[in-house]
Amino acid sequence: MPELPEVEVVRKQLKNLVLNKKIANITSEYTKIFNEDFNLVKESIVGSKIIDIERYGKYLVFILSNEFNLISHLRMEGKYFVKEQNEPIDKHEHVIFHFDNGETLRYHDTRKFGRMDLRTKDDYLKVNPLFKLGKEPKDLTGEELYEMLNKKTTFIKVALLDQEIIAGLGNIYVDETLFMSKIHPERRSNTISIDEANLIVHSAQKVLAKALELGGTTIRSYTSSLGVTGRFQNELQVHTKEGELCTLCGTVITKLKVGGRGTYVCSNCQK
DNA sequence: AACGAAACCTGCGCGC
DNA sequence: TGCGCGCAGGTTTCGT
């Protein structure tokens with residue numbers, strides 16, 4: 001459930017479901033999910049409550065009632081579910097937070113790519129993994145983006161996927177943003193004009209806002225967590241649309257590989 | 001320093 | 001039906 005809108009939907013849902021519940025225990029049979037020693041994480045968290053949940057780009061941060069926070073990144077397929085304690089454990093549920101009211105918060109991750117980091121409240125924004133994170137589209141100006149792009153020769157798509165440059169965009173929303181901006185994903189970053197940089201930021205804001213409004217995007221075999229069913233897939237203009245016709249000009253949408261990622265483009269609209 | 005490829009994992013759909 | 005390959009909403013690490 002990866003990009004910014006999907007993570008934001010999860011954040012809101014989780015807040016409704018787990019806030020102020022006391023964590024009585026944490027169990028895990030795949031502790032590689034934690035970048036720190038699992039026993040350390042466990043003794044640091046057990047006994048506290050989740051008093052808030054923040055989000056920075058695609059990162060979730062569980063704000064605990066003690067001096068610690070737990071940062072969670074879902075990567076490709078991480079999901080959260082809230083279930084009763086007695087429900088059977090799914091083979092892909094790798095971390096289970098047991099609350100003292102008999103409920104559990106379960107971290108489900110088919111590909112085991114997701115990661116969690118234990119951090120202290122006083123410096124969690126000043127150290128890995130959050131300190132290098134770029135601004136989200138809503139906080140970024142075209143001027144700022146232009147300055148960063150100006151220094152780079154990488155494909156614009158690769159630059160927009162770089163979370164240090166701009167936070168929150170992933171493969172789907174970069175394709176949609178570039179289509180809306182009428183910019184080809186293989187343009188070199190340093191050829192993007194200030195006007196185009198402004199257009200990119202504006203388009204990204206629009207795409208993300210609409211996606212959030214529709215509860216995110218659910219495509220392929222991906223199912224959403226916490227019963228969240230996104231509808232932005234119905235609004236996609238190019239991503240996953242190979243062979244279909246561009247809604248603006250009727251040209252056939254093509255698929256190419258940019259920076260190792262499947263990339264969809266209207267070669268007529270996007271220059 | 002910077003870039004591309006490989007790695008991390010599992011499951012699914014496709015062609016033969 | 002079975003098998004091998006390629007692909008997947010992401011990030012980090014490795015090698016040139």
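Here is the naming used below: chain letters follow the sequence lines, and residue numbers restart at 1 for every chain. Just so it is clear, the values below take in all heavy atoms, side chains as well, and ignore hydrogens, waters and symmetry mates.
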For this session: Please check the phosphate of dC7(C) (OP1 and OP2 only) for any side-chain N or O of K257(A) closer than 4.0 Å.
Result: yes
For this session: Using the six-membered ring for Trp and the full ring for Phe, Tyr or His, decide whether F113(A) stacks on the six-membered base ring of dC8(B) (centres under 5.5 Å, planes under 30°).
Result: yes
For this session: Return the orientation label for the F232(A) and Y173(A) ring planes: parallel under 30°, perpendicular over 60°, tilted otherwise.
Result: tilted
Exercise. Quick one: is Q163(A) getting a side-chain N or O under 4.0 Å of the dG10(C) phosphate, OP1 or OP2?
Worked result: no
Problem set entry | Under 4.0 angstrom between K255(A) side-chain N/O and dA8(C) OP1 or OP2 | yes
Exercise. What integer distance in Å separates D109(A):CG from dC9(B):C1'?
Worked result: 9 Å
Problem set entry | dG9(C) base / E6(A) side chain donor-acceptor hit below 3.5 Å | yes
Exercise. What's the CZ-C1' distance between R75(A) and dA7(B), to the nearest Å?
Worked result: 11 Å
Exercise. What integer distance in Å separates N190(A):CG from dC3(B):P?
Worked result: 10 Å
Exercise. When we call it a touch if two heavy atoms are under 4.0 Å apart, what does K91(A) touch: a base, just sugar-phosphate, or nothing?
Worked result: sugar-phosphate
For this session: Using a 4.0 Å heavy-atom cut-off across all strands, classify G114(A) as base, sugar-phosphate, or nothing.
Result: nothing
Problem set entry | Minimum-distance nucleotide (side-chain atoms of K58(A) versus dG10(C), dG9(C), dA8(C)) | dG10(C)
Seminar exercise, completed: Against the side chain of T153(A), the closest entry in dG10(C), dC3(B), dC7(C) is dC3(B)
For this session: May I have the distance from I165(A) (atom CD1) to dC3(B) (atom P), rounded to whole angstrom?
Result: 9 Å
Exercise. Looking at side-chain heavy atoms only, is the closest gap between H92(A) and D109(A) below 4.5 Å?
Worked result: no
For this session: Report the nucleotide, chosen from dG10(C), dC9(B), dA8(C), that has the shortest atom-to-atom distance to any side-chain atom of K32(A).
Result: dC9(B)
Problem set entry | Protein-nucleotide distance (I71(A), atom CD1; dT11(C), atom C1'), rounded to Å | 15 Å
Seminar exercise, completed: Rounded to whole Å, CG of L236(A) lies from C1' of dA8(C) at a distance of 15 Å
For this session: To the nearest Å, give me how far apart CZ (R115(A)) and C1' (dA7(B)) are.
Result: 11 Å
Exercise. If you round to the nearest 0.5 Å, how far is CD1 of I183(A) from CE of M180(A)?
Worked result: 12.0 Å
Seminar exercise, completed: The Watson-Crick or G-U wobble partner of dG6(C), with both key distances under 3.5 Å, is dC12(B)
Seminar exercise, completed: Picking from dT11(C), dG11(B), dA8(C), the nucleotide nearest the side-chain atoms of T110(A) would be dG11(B)
Problem set entry | Any-strand Watson-Crick or G-U partner of dT1(C), both distances under 3.5 Å | none
Exercise. Would you call I71(A) and P129(A) a side-chain contact if the rule is heavy atoms closer than 4.5 Å?
Worked result: yes
Problem set entry | Which nucleotide in dC9(B), dG10(C), dT11(C) has an atom nearest any side-chain atom of R261(A) | dG10(C)
Exercise. Over how many whole Å does the gap from L74(A) atom CG to dG9(C) atom C1' extend?
Worked result: 10 Å
Problem set entry | Short side-chain N/O contact from H73(A) to OP1 or OP2 of dT11(C), under 4.0 Å | yes
For this session: For atom NZ of K15(A), decide whether the heavy atoms of other residues, nucleotides or ligands shown that lie under 6.0 angstrom number more than 12.
Result: yes
Exercise. Is the phosphate of dC9(B), meaning OP1 or OP2, less than 4.0 Å from a side-chain N or O of H94(A)?
Worked result: no
Exercise. Base, sugar-phosphate alone, or nothing: which one does Y30(A) contact when heavy atoms must sit under 4.0 Å apart?
Worked result: sugar-phosphate
Exercise. Closest approach of I165(A) and K152(A), non-hydrogen atoms and distance?
Worked result: CD1-CD, 3.5 Å
Problem set entry | Who pairs with dC3(B) - Watson-Crick or G-U, where each distance is under 3.5 Å | dG15(C)
